[in-house]
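A quick note: this is a predicted structure, and the numbers were derived from the prediction, not measured.
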Amino acid sequence: MRFERLDIPAFGPFTQLQKEFPRSTHDFHLVFGPNEAGKSSLLRAIRDLLYGIHGQTTDNFLHDYAALRIGATLTRADGRSISVKRRKGSKNTLQGATDLPLADNALDPFLASMSRETFERMFGMGATDLR
């Protein structure tokens, strides 16, 4: 799975963040920056988009719980794409491009059975882990 586009209307320190991830020969994107630049918040946004926003998230310091939103366009290796949005809530939190609810397992074919814990171990490396 690859991210084609990431939209974060309201999550953590982000308001109306939109980022395209163009294809290239290497097709690898690395996020880096100084302390407090939002790297960890961005990682949490991606994780929460894929697996759901935790009920007690601390990423509501700028936006109310009810306003938290994350979206993306994802593409599988076979070329199949999906555009989704995630809102904070207890049910029907995953929505399609037309804001209609999607099944909770709609992203399963894109995640290839990767659990939240595996995602965090593979992609949640901080400075200590890198050292």
Leu42 vs Leu6 side-chain heavy atoms within contact, under 4.5 Å: yes

Full working for side-chain contact (heavy atoms from CB on, under 4.5 Å) between Leu17 and Asp7: CA-CA 6 Å; Leu17 174 70; Asp7 295 296; over 6 Å; no

Asp104, CG: over 12 other non-hydrogen atoms inside 6.0 angstrom: no

Ile8 with Val31, same ILVMFWY side-chain cluster at under 4.5 Å: yes

Nearest-0.5 Å distance that lies between atom OG1 in Thr15 and atom CZ in Arg69: 13.5 Å

Side-chain heavy-atom pair Gln18, Arg5 within 4.5 angstrom cut-off: yes

Check against side-chain contact (heavy atoms from CB on, under 4.5 Å), Asp59 and Ser41: CA-CA 8 Å; Asp59 287 299; Ser41 295; 4.1 Å; yes

Chi angles and distances behind the side-chain contact (heavy atoms from CB on, under 4.5 Å) call for Glu20, Glu4: CA-CA 6 Å; Glu20 299 275 341; Glu4 302 288 339; 5.8 Å; no

Reported CD1-to-OG distance for the pair Ile53 and Ser90, which is rounded to 0.5 angstrom: 12.0 Å

Partner residues of Arg116 under the salt bridge (Lys or Arg N to Asp or Glu O under 4.0 Å) criterion, sequence neighbours left out: Asp48, Glu120

Cluster link Phe14 to Phe123, ILVMFWY, side chain under 4.5 Å: yes

Closest contact, heavy atoms only, Ala106 versus Leu94: CB-CD2, 4.0 Å

Residues Thr93 and Arg86: side-chain donor-acceptor under 3.5 angstrom: yes

Other residues, nucleotides, ligands: >12 heavy atoms within 6.0 Å of Lys39 NZ: yes

Shortest non-hydrogen separation from Phe3 to Phe21 and the atoms involved: O-CB, 3.3 Å

Minimal non-hydrogen separation, Ser83 against Thr73, with atom names: OG-OG1, 2.9 Å

In one Ile/Leu/Val/Met/Phe/Trp/Tyr side-chain cluster, 4.5 Å: Leu43, Met122: yes

Distance (rounded to the nearest 0.5 Å) between Lys85 NZ and Leu100 CG: 10.0 Å

Asp64 atom CG, over 12 foreign heavy atoms within 6.0 Å: no

Rounded distance (nearest 0.5 Å) linking atom CZ of Arg2 with atom CZ of Phe110: 13.0 Å

Least distance between heavy atoms, Leu107 atom then Leu74 atom: CD2-CD1, 3.9 Å

Spatial distance of atom CZ (Phe11) from atom CZ (Arg87) [nearest 0.5 Å]: 15.0 Å

Salt bridge flag under 4.0 Å for residues Asp78 and Arg80: no

Inter-residue atom distance Ile46.CD1 - Ile70.CD1, 0.5 Å rounding: 9.5 Å

Side-chain heavy-atom pair Ser115, Thr118 within 4.5 angstrom cut-off: yes

Stepwise side-chain contact (heavy atoms from CB on, under 4.5 Å) test for Ile82 and Met1: CA-CA 11 Å; Ile82 189 170; Met1 169 188 71; over 6 Å; no

